[in-house]
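One structure is given below, encoded as structure tokens.
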Amino acid sequence: MINVHSAYYHTIRDTVRFYFEKILNMPVEVELADKGVILNFKMIGGLNDDWEICAALILFYLWKMKEYNIQLTYNLKNNPPLISDFINKYLTAGDGLPNMVSWIKENSAHAEEIFLLWNQKQIIQIALEFYAGEKYCSDFYHLAPQYVKLINGNIDQESILLDPKLVKIIRKYWVGIFTGRGRAETNYILQKLDWLKWIPPEAVITLDSGIKKPSALGLNILRSRFQSKIGLYIGDTMDDFLTVENLNQEHKETKFLSAIVAGNDLFEKKEKGRIFLPRGLDLLSEDVNQLLLLLDNIRSGCAP
């Protein structure tokens, strides 16, 4: 419903660069977190939000730096092993940051040095500051910026994808939201969409609940509240797909369909098609408006 790609990509990029330049005092000669690199991590699942992706990317580069004695960030990005090789060899779908941390602790001879340089709490705070800016940091995360002195954060780059005329289609169904955002941040988005006036609080499960994707619990709570035996969950990451997969495996009496919005970036569309379709994804759409129109046509019996 909201185009978050630019905001989150810029936040991850800015956080990784800032950490190496300002915290580790390493000159950055090349973009360490370009779209391809970020997408590699987003597609493995288990990284519940983009702040964890920041931490995972930095941890990967620190592991590589110590493991292969690499001093320059240009070589850090371009010398083997590439991130895709590391993921394919050592991580599987749904493996998150804790599993990555455990693997490095168990397998790297330089683990102590790596974790002296890697401060997850600090990385996440920097990411939150880049995203929310001074304008929203206190409201969203109850913190005062310590590192990034920006009034307006990357959140200001977010835009509404949903055609307002299609809200009437959405409201034909029970609508629930299971998100990795916190409640205050989610309410900001719902206000931006003008949904706060009609979607009840009990239909929204946020990070404040302590439930994280790809756990099926959040989606199952919504299913129970709506007494639904069939549903559709729309997302854009591996965690969204795995959430539906886990729900269907745990609750055989229900059938939820998974829909992934690929966006209009050609590289990302190809990658999402390559990754999700062989796994049994039900619907892959370029944007959410196409998806809603298809649902409306199916409901009215006019689908091709």
Side-chain angles (χ1 to χ4, degrees), residues 1-2 4 42-43 45-46 48 93-94 161-181 183 186 189-190 193-263 269 272-304:
M1 310 304 178
I2 296 286
V4 301
K42 288 180 81 72
M43 290 299 101
N48 288 289
L161 287 172
L162 180 67
D163 183 342
K165 296 192 294 293
L166 299 184
V167 173
K168 64 181 183 295
I169 296 176
I170 295 173
R171 296 191 67 177
K172 294 177 183 178
Y173 304 89
W174 289 107
V175 177
I177 295 171
F178 177 31
T179 176
R181 294 178 185 250
R183 174 66 67 169
T186 301
I189 296 298
L190 293 175
L193 287 166
D194 198 27
W195 285 20
L196 270 179
K197 61 188 178 185
W198 63 267
I199 190 164
E202 61 270 20
V204 181
I205 296 179
T206 69
L207 188 61
D208 297 34
S209 68
I211 306 169
K212 290 184 175 183
K213 297 179 282 186
S215 166
L217 180 57
L219 199 53
N220 189 47
I221 290 171
L222 292 174
R223 179 196 67 80
S224 297
R225 287 175 182 170
F226 298 145
Q227 297 185 336
S228 302
K229 292 187 176 180
I230 187 167
L232 172 69
Y233 187 66
I234 302 172
D236 64 355
T237 69
M238 180 60 74
D239 278 337
D240 295 318
F241 172 79
L242 292 173
T243 298
V244 176
E245 191 172 68
N246 289 337
L247 179 74
N248 289 331
Q249 289 174 355
E250 294 171 17
H251 301 276
K252 304 296 185 183
E253 74 279 9
T254 67
K255 174 59 179 177
F256 266 59
L257 303 177
S258 53
I260 292 292
V261 176
K269 282 194 293 187
K272 286 183 175 179
R274 180 184 68 82
I275 292 167
F276 287 115
L277 292 177
R279 291 185 63 114
L281 178 72
D282 297 298
L283 293 166
L284 180 67
S285 178
E286 184 171 303
D287 71 47
V288 70
N289 297 302
Q290 291 178 353
L291 189 57
L292 291 173
L293 288 170
L294 174 62
L295 286 176
D296 200 42
N297 287 336
I298 292 173
R299 183 186 176 102
S300 61
C302 299

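Predicted, not measured: the structure shown is a model, and the values here were computed from it.
Between the side chain of N289 and the main chain of L161, a donor-acceptor pair closer than 3.5 Å is present. A donor-acceptor distance shorter than 3.5 angstrom exists from the side chain of D282 to the backbone of S258, with no hydrogens or angles considered. At distances below 3.5 Å, at least one donor-acceptor pair connects side-chain atoms of R183 with backbone N or O atoms of V204.
Counting heavy atoms from C-beta on, the side chains of D208 and T186 never come closer than 4.5 Å. Considering only heavy atoms from C-beta on, I275 stays 4.5 Å or farther from F241 through its side chain. Residues I169 and L293 meet the side-chain proximity criterion, which asks for heavy atoms closer than 4.5 Å.
Around NZ of K229, the count of heavy atoms belonging to other residues, nucleotides or ligands within 6.0 Å does not exceed 12. Counted within 6.0 Å of CH2 on W198, heavy atoms from surrounding residues, nucleotides or ligands total more than 12; the atom is thus considered enclosed. Crowding of K172 atom NZ: a count of heavy atoms from other residues, nucleotides or ligands under 6.0 Å exceeding 12.
Classified by interplanar angle (parallel below 30°, tilted 30° to 60°, perpendicular above 60°), the ring pair F178/Y233 is tilted.
Expressed to the nearest 0.5 Å, how far CH2 of W195 lies from CD1 of I177 amounts to 6.0 Å. Interatomic distance, CG of L247 versus CZ of F256, reported as 6.0 Å (0.5 Å rounding). Taken to the nearest 0.5 Å, the CD atom of E245 stands 10.5 Å off from the CG atom of L281. Separating the OG1 atom in T179 from the NZ atom in K212 is a distance of 12.5 Å, to the nearest 0.5 Å. One distance of note links CG of L193 with CD1 of I2; it measures 4.0 Å at 0.5 Å rounding. Atoms CD and CG, on Q249 and L242 in that order, are 9.0 Å from each other to the nearest 0.5 Å.
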Please walk me through it: do T254 and N248 pass side chain to side chain contact (heavy atoms under 4.5 Å, CB included)?
-> CA-CA 7 Å; T254 67; N248 289 331; 4.3 Å; yes
Any chance you could lay out the side chain to side chain contact (heavy atoms under 4.5 Å, CB included) test for I221 and I211, step after step, and finish with the verdict?
-> CA-CA 11 Å; I221 290 171; I211 306 169; 3.7 Å; yes
CA sep, side-chain torsions, deciding dist, call: D296, K168, side chain to side chain contact (heavy atoms under 4.5 Å, CB included) | CA-CA 10 Å; D296 200 42; K168 64 181 183 295; over 6 Å; no
Go through the steps to decide whether V4 and I189 satisfy the test side chain to side chain contact (heavy atoms under 4.5 Å, CB included), and finish with yes or no.
-> CA-CA 11 Å; V4 301; I189 296 298; 5.9 Å; no
List the steps and the verdict of side-chain hydrogen bond (donor to acceptor under 3.5 Å, both in side chains) for T243 and N246.
-> CA-CA 5 Å; T243 298; N246 289 337; 5.8 Å; no
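The nearest pair of heavy atoms linking E250 to A216 is OE1-CB, 3.8 Å. The two residues E202 and R225 come nearest to each other via the heavy atoms O-NH1, 2.5 Å. Closest heavy-atom contact between S285 and L291: OG-N, 3.7 Å. The nearest pair of heavy atoms linking D236 to K272 is O-NZ, 2.9 Å. Taking both residues in full, the closest heavy atoms of M238 and M43 are given as CE-O, 3.2 Å, listed atom of the first, atom of the second, then distance. The minimum heavy-atom distance between G273 and P278, with the atom names listed, is O-CD, 3.7 Å.
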